[in-house]
Chemist: 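Quick one: the structure is below, questions incoming.
Because only heavy atoms are used, hydrogens play no part in the values below, and waters and symmetry mates are left out as well, while side chains stay in.
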Amino acid sequence: MLITSTAFKEGAWIPEKYTARGEDISPALHLEGIPAGTKALMITLDDASHPLFPNYNHWIIWNIPVCSDIPESIPKGEAVAALSGAVQGMAYGRHCYKGPKPPFKAIHNYTFTVFALSDFMDLPAASVKKDVLKQAEGLILGKAALTGKFQSHRKS
């Protein structure tokens, strides 16, 4: 499976628009090679460079119906009607996307991971990444990652 975005390329700078220093909206994501048998998708966004909490979770959303294009600017809320009731859990963004916002002038790497699941998951929106991943064990048919970097006070 492959994940790309029109917002940024693998390893490139994430535009401020998609960060907590800008509009703080989720970027559009495109998927290719979704495994046969996939019924639902799950997305996580993690700060891979957090000095105190490695892979600090910024966003988790699951029960997204199978599609090759995830639109930009997923709305806030526990259930996302625009994605047929997909569930957004508890992360740095509580029931919403919360984009990069590293402190000071540190450069952080942020990883979007999309998981292809063989079934939908029955979990409350109060669930955190650890619990969602535990529930997803045995359902993961494939996954793909896209990493970008961001620095809060970077000059263009």
Side-chain angles (χ1 to χ4, degrees), residues 1-8 13-32 34-35 37-50 52-103 108-150 152:
M1 195 162 71
L2 175 69
I3 175 177
T4 58
S5 178
T6 55
F8 65 96
W13 293 101
I14 298 171
E16 191 170 283
K17 173 181 180 177
Y18 303 102
T19 75
R21 302 278 184 211
E23 294 177 41
D24 207 12
I25 60 173
S26 58
L29 302 173
H30 177 73
L31 305 173
E32 294 178 25
I34 298 171
T38 300
K39 290 186 180 175
L41 302 171
M42 175 174 69
I43 302 171
T44 61
L45 171 61
D46 298 307
D47 179 348
S49 303
H50 196 290
L52 301 176
F53 306 102
N55 294 313
Y56 185 74
N57 186 232
H58 276 243
W59 185 40
I60 186 160
I61 181 171
W62 65 92
N63 289 349
I64 302 169
V66 177
C67 59
S68 58
D69 290 296
I70 308 291
E72 179 181 88
S73 193
I74 301 299
K76 295 179 180 186
E78 293 180 9
V80 181
L83 292 175
S84 300
V87 181
Q88 295 187 99
M90 296 294 288
Y92 181 50
R94 290 175 168 33
H95 310 299
C96 66
Y97 172 87
K98 187 70 172 171
K101 185 183 175 185
H108 283 218
N109 292 301
Y110 294 86
T111 303
F112 290 84
T113 306
V114 177
F115 298 82
L117 306 175
S118 62
D119 208 349
F120 290 87
M121 296 186 293
D122 186 19
L123 288 164
S127 299
V128 295
K129 179 184 168 186
K130 180 180 110 180
D131 298 328
V132 177
L133 288 176
K134 184 171 176 62
Q135 177 85 22
E137 286 178 12
L139 300 176
I140 300 172
L141 299 174
K143 68 181 183 177
L146 173 66
T147 299
K149 58 189 173 182
F150 186 71
S152 289

Chemist: Might you point out which heavy atoms bring P27 and F8 nearest each other, and give the distance in Å?
Modeler: CG-CE2, 4.4 Å

Chemist: Taking only residues two or more places apart in sequence or in another chain, which ones pass side-chain contact (heavy atoms from CB on, under 4.5 Å) with K76?
Modeler: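 Per chain and number, K76 pairs via side-chain contact (heavy atoms from CB on, under 4.5 Å) with C96.
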
Chemist: For the pair Y97 (side chain) and Y18 (backbone), establish whether a donor and an acceptor sit closer than 3.5 Å, ignoring hydrogens and angles.
Modeler: yes

Chemist: Parallel, tilted or perpendicular: which one describes the rings of Y56 and H58, with boundaries at 30° and 60°?
Modeler: perpendicular

Chemist: Counting N and O atoms only, with roles assigned by atom type, does the side chain of N57 sit under 3.5 Å from a partner on the main chain of L45, one being a donor and the other an acceptor?
Modeler: yes

Chemist: Of all the heavy-atom pairs spanning N55 and A48, show the shortest one and how long it is.
Modeler: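 Smallest heavy-atom distance, with atoms named: OD1-CA, 3.6 Å.
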
Chemist: Kindly indicate whether the side chain of F115, heavy atoms from C-beta on, has any atom under 4.5 Å from the side chain of L139.
Modeler: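 No, every pair of side-chain atoms sits at 4.5 Å or beyond.
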
Chemist: Heavy-atom distance under 4.5 Å between the side chains of T113 and I43, does that happen here?
Modeler: no

Chemist: Taking only distance into account, with no hydrogens and no angle test, what donor-acceptor pairs under 3.5 Å do side-chain atoms of residues 60-71 form with protein atoms, sequence neighbours excluded?
Modeler:
from: N63; atom 1: OD1; to: M121; atom 2: N; distance (Å): 2.8
from: N63; atom 1: ND2; to: M121; atom 2: O; distance (Å): 2.7
from: D69; atom 1: OD1; to: H30; atom 2: ND1; distance (Å): 2.7

Chemist: Under 4.5 Å between any side-chain heavy atoms of L123 and V132, yes or no?
Modeler: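 L123 reaches V132 side chain to side chain.
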
Chemist: A side-chain contact here means heavy atoms from C-beta on lying under 4.5 Å apart; do M90 and H95 qualify?
Modeler: yes

Chemist: Could you walk me through whether L117 and I140 pass side chain to side chain contact (heavy atoms under 4.5 Å, CB included), step by step?
Modeler: CA-CA 5 Å; L117 306 175; I140 300 172; 3.7 Å; yes

Chemist: Using the test salt bridge (Lys or Arg N to Asp or Glu O under 4.0 Å), find all partners of K98 that sit at least two apart in sequence or belong to another chain.
Modeler: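 Salt bridge (Lys or Arg N to Asp or Glu O under 4.0 Å) list for K98, sorted by chain: D24.
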
Chemist: Determine whether a donor-acceptor pair (N or O, by modelled atom type, separation under 3.5 Å) exists between the side chain of S73 and the backbone of S26.
Modeler: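 Here the side-chain-to-backbone pair does not exist.
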
Chemist: With a 4.5 Å cut-off on side-chain heavy atoms, are W59 and I74 touching?
Modeler: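 In contact.
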
Chemist: Which residues pass the ring-ring contact (aromatic ring centres under 6.0 Å, His included) test with F150, not counting sequence neighbours?
Modeler: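 In terms of ring-ring contact (aromatic ring centres under 6.0 Å, His included), with neighbours along the sequence ignored, F150 is linked to no residue.
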
Chemist: Looking at every non-hydrogen atom in both residues, tell me the closest pair between G138 and S118 and how far apart they are.
Modeler: O-OG, 4.3 Å

Chemist: About how many Å separate CD of E72 and CG of L29, when rounded to the nearest 0.5 Å?
Modeler: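 Separation between the atoms: 10.0 Å.
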
Chemist: For residues I14 and Y110, report the shortest heavy-atom separation together with the two atoms involved.
Modeler: CD1-CB, 4.0 Å

Chemist: What's the shortest heavy-atom distance between S5 and L146, and which atoms?
Modeler: CB-CD2, 3.7 Å

Chemist: Keeping to residues at least two apart or across chains, list the side chain to side chain donor-acceptor pair (under 3.5 Å) pairs with something in residues 119-144.
Modeler: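 For residues 119-144: D46-K129.
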
Chemist: To the closest 0.5 Å, what do you measure between CE (M1) and CG (L141)?
Modeler: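 CG of L141 is found 9.0 Å from CE of M1.
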
Chemist: Measuring only between side-chain heavy atoms, which start at C-beta, is V114 closer than 4.5 Å to F112?
Modeler: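 Side chain of V114 against side chain of F112, heavy atoms only: no contact under 4.5 Å found.
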
Chemist: Quick check: does any side chain N or O of Q88 sit under 3.5 Å from a backbone N or O of P75, one acting as donor and the other as acceptor?
Modeler: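 At least one qualifying donor-acceptor pair exists.
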
Chemist: Quick one: salt bridge (Lys or Arg N to Asp or Glu O under 4.0 Å) pairs with a partner in residues 52-68, sequence neighbours left out?
Modeler: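 Listed once each, the pairs would be none.
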
